[in-house]
Amino acid sequence: MIQRPRGTRDFGPAEMSRRRKVEEAMREICHRFGFGEVVTPTFEQSELFTLRSGQSIIDEMYVFKDKGDREMALRPEITASVIRFFVSEMSNQPKPLKLYYVGNCFRYENPQSGRYREFFQLGAELIGSENPETDAEVISLAVHCIRASGLQDFHVRVGHIGVMKSLVLREVQDPVVAGKVLRMVDKEDFDAMGDMFDANSLSRNLFDRITTLADTRGGTEILDSVDDAEAQQYLKELFEILKLQGVEDVELDLGIVRGLDYYTGMVFEIDAPKLGAEKQILGGGSYTLSELFGGEAVFSTGFAIGIDRVMLALEAEQEQPEYTPLDAYVVPTEDAMRKYAFAITSKIRSKGLRADVDLMRRSMSKNLKYAASAGARFAVIVGKEEMAKRSVTLRDMKSGEQTLVPADFVADELEKLLSKG
RNA sequence: GGGAGCGUGGCGCAGCUGGUUAGCGCACCAGGUUGUGGUCCUGGGGGUCGCGGGUUCGAGUCCCGUCGCUCCUCCCA
């Protein structure tokens, strides 16, 4: 038996139906916000990703040499591809550019709950603008996407890495040491940071200010305690606009610090508290990546949603909706009626309804049983008596109620009954 | 990279200290039922007990190894 590769999943029809609904709802929100879809390759030259995230990620990617001896990687994320696409082919488009994507990504990691080697992301990038309203627009889009999925319990945190960066760069003279400090803050490794402070004879006072800042979170009222005047003003405007867009309940969290250099200011995360260990369902922020890929410096703000985790969070908080893949299942009462059954089925399908018909030459009794277990909302009984009157019987599989309808109007009648629920 | 738990028909499981033809529930297929499912009855198909080795007269059961799954830690683009 061939096994499924580690960390990958098969999705059956019922699960795909739920996933597609969530994905569709999010896409719809993206379109409403004026974002257009892009699709980029599933694999890229691996350099694209090491440029963005550093050499160390090579161990966590699926890398391979193609037949022309080029080093390729299955994409571990999609932002890098979108920015590559922008730099090489869309940089002369009118700004701002609003792009979104949905796709599978691959990371060679140890699988666990909410973490897979193949996973799915929906993300958006707003390219060419840098100001509070731009960031607010992107956060608002992100929050609306999550809301559209149906998830109730989620938590939005917004931070600004400029506050921490300016504090560290201002107080630590050696830029190499400053970089180390920032990375340690990112990893919340304050023990190691303390040791390094001692080794470089940096003041205990600065250490305390950094840890305090990393711990600063709360409502907009804590904005007043931000001692970086520029960031303070920026965040004030950002939160104001968010509120006007109906996005409240956003926590300010100055502890969100990304170690990577291209993050410029605002950073944000959303988690679903019900998920436990892997509870982050979305991450984003503003950055400048384009010059890394050989373009001019262009500011962008973007985010990516972990669709798999959103699905897990939805499962954790709500009953799964019943899967009814068929509006009608057509049942001939006897062999002589089978050909009519196909004609009726075709008639129903052509009206856009989901219909199926017996292909196993089963008895009527078994067919009704099958119709129920296959999740058909109605059975359409095609029998001799009805056909004599050019009619068929519709049977509501929930109530058992039956109605005789003219064969020519099956689909219309079904539509009417379906709309009643 | 470190740790924990688990591998027996499609799914969920039982199988006591080793003992003869490996079971149960659900699901699937058929018949009872040549015009009525979500009741019932009967029958049927489907398992090299994850894999390899060892101990033994005999291994699903004990020992060693190995692979896989799940979760935690770690890491996070």
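Here is the naming used below: chain letters follow the sequence lines, and residue numbers restart at 1 for every chain. All heavy atoms count here, side chains included; hydrogens, waters and symmetry mates do not.
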Enquirer: Do A:Thr212 and A:Asp215 meet the criterion of a side-chain donor-acceptor pair at a distance under 3.5 Å?
Expert: no
Enquirer: Quick check on RNA chain B: between A:Thr8 and A:Phe106, whose nearest nucleotide comes earlier from the 5' end?
Expert: A:Thr8
Enquirer: Using a heavy-atom cut-off of 4.0 Å across all strands, would you classify A:Gln121 as base, sugar-phosphate, or nothing?
Expert: nothing
Enquirer: When every nucleotide of nucleotides 35-46 of chain B is labelled 5' to 3' by its protein contacts under 4.0 Å (heavy atoms), B for base, S for sugar-phosphate only, - for none, what sequence of letters results?
Expert: BBBB--------
Enquirer: If I take atom CG in residue A:Asn104 and atom P in nucleotide B:rA77, what distance separates them, rounded to the nearest angstrom?
Expert: 20 Å
Enquirer: Would you measure the distance from the C1' atom in B:rC28 across to the matching atom in B:rC69 and give it in whole Å?
Expert: 25 Å
Enquirer: Quick one: A:Asp10 CG to B:rG10 P, roughly how many Å, whole number?
Expert: 15 Å
Enquirer: Looking only at heavy atoms, what is the nearest atom pair of A:Arg52 and A:Ala80, with distance?
Expert: CD-CB, 3.9 Å
Enquirer: Could you check whether A:Glu28 pairs with A:Arg32 (Lys NZ or Arg NE/NH1/NH2 to Asp/Glu carboxylate O, under 4.0 Å)?
Expert: yes
Enquirer: Pick out which of A:Val172, A:Val181, A:Leu206 makes a side-chain contact (heavy atoms from CB on, under 4.5 Å) with A:Leu167.
Expert: A:Leu206
Enquirer: In whole Å, I'd like the distance from the CZ atom of A:Phe119 to the C1' atom of B:rC75.
Expert: 13 Å
Enquirer: Any side-chain N or O of A:Gln112 under 4.0 Å from OP1/OP2 of B:rC72?
Expert: yes
Enquirer: Could you work out the separation of B:rG23 and B:rA4 based on their C1' atoms and round it to a whole Å?
Expert: 31 Å
Enquirer: Using the side chain to side chain donor-acceptor pair (under 3.5 Å) definition, which of the options A:Arg217, A:His160, A:His155 pairs with A:Asp253?
Expert: A:Arg217
Enquirer: Which listed nucleotide (B:rC29, B:rC28, B:rA77) is nearest to the side chain of A:Glu77?
Expert: B:rA77
Enquirer: With distance as the sole criterion, is a donor-acceptor pair present between the side chains of A:Asp271 and A:Gln280 under 3.5 Å?
Expert: no
Enquirer: According to the Watson-Crick and G-U wobble definition with distances under 3.5 Å, which dot-bracket string, read 5' to 3', encodes RNA chain B, using [ ] for crossing pairs and | for pairs with another strand?
Expert: ((((((((.[[[[.)...(...]]]].(((((.......))))).....[[[[[..)....]]]]])))))))....
Enquirer: In whole angstrom, give me the gap between the P atoms of B:rC6 and B:rC13.
Expert: 13 Å
Enquirer: With a cut-off of less than 4.0 Å, is there a side-chain N or O of A:Arg6 near OP1 or OP2 of B:rC69?
Expert: yes
Enquirer: Within the structure shown, what part of the strands sits under 4.0 Å from A:Arg75 by heavy-atom distance: base, sugar-phosphate, or nothing?
Expert: nothing
Enquirer: Hydrogens and angles aside, do A:Glu278 and A:Gln112 bring a side-chain donor and acceptor to less than 3.5 Å of each other?
Expert: yes
Enquirer: Within this structure, what is the OH-to-P distance between A:Tyr116 and B:rC69, rounded to whole angstrom?
Expert: 13 Å
Enquirer: Quote, to the nearest angstrom, the P distance that separates B:rG2 from B:rG46.
Expert: 44 Å
Enquirer: Rounding to the closest angstrom, what is the interatomic distance between B:rG60 and B:rU56 at atom C1'?
Expert: 16 Å
Enquirer: Looking at every non-hydrogen atom in both residues, tell me the closest pair between A:Ile210 and A:Phe197 and how far apart they are.
Expert: CD1-CZ, 3.8 Å
Enquirer: Mind checking the P distance from B:rC11 to B:rG1? Whole angstroms is fine.
Expert: 28 Å
Enquirer: Hey, does the side chain of A:Arg4 reach the backbone of A:Thr8 with a donor-acceptor pair shorter than 3.5 angstrom?
Expert: yes
Enquirer: Which whole-number value in Å describes the distance from A:Lys279 NZ to B:rC72 P?
Expert: 13 Å
Enquirer: For B:rC51 and B:rC67, measure between their P atoms and round to the nearest Å.
Expert: 15 Å
Enquirer: Do the side chain of A:Asp66 and the main chain of A:Gly68 share a donor and acceptor less than 3.5 angstrom apart?
Expert: yes
Enquirer: Using the P atoms only, state how far B:rC57 lies from B:rG5, rounded to an integer number of Å.
Expert: 33 Å
Enquirer: At under 4.0 Å between heavy atoms, what does A:Ala277 touch on the DNA or RNA strands: base, sugar-phosphate, or nothing?
Expert: sugar-phosphate
Enquirer: Donor-acceptor pair, A:Glu37 side chain versus A:Leu99 backbone, under 3.5 Å?
Expert: no
Enquirer: Quick one: A:Phe49 CZ to B:rC76 C1', roughly how many Å, whole number?
Expert: 16 Å
Enquirer: Which heavy atom of A:Gly383 sits nearest a heavy atom of A:Thr333, and at what distance?
Expert: CA-OG1, 3.2 Å
Enquirer: Taking CD from A:Gln55 and P from B:rC76, how many angstroms apart are they, rounded to a whole number?
Expert: 16 Å
Enquirer: Quickly work out the A:Glu269 CD to B:rA77 C1' distance and round it to whole Å.
Expert: 13 Å
Enquirer: Please write out each protein N/O paired with an N/O of nucleotides 1-5 of chain B under 3.5 Å, distance rounded to 0.1 Å.
Expert:
residue, atom, partner, partner atom, Å
B:rG1, N7, A:Asn110, ND2, 3.3
B:rG1, O6, A:Asn110, ND2, 3.4

Enquirer: A:His144 vs A:Phe33 aromatic rings, parallel, tilted or perpendicular, using cut-offs 30° and 60°?
Expert: tilted
Enquirer: Check whether any side-chain nitrogen or oxygen of A:Arg115 sits under 4.0 Å from OP1 or OP2 of B:rC75, and answer yes or no.
Expert: no
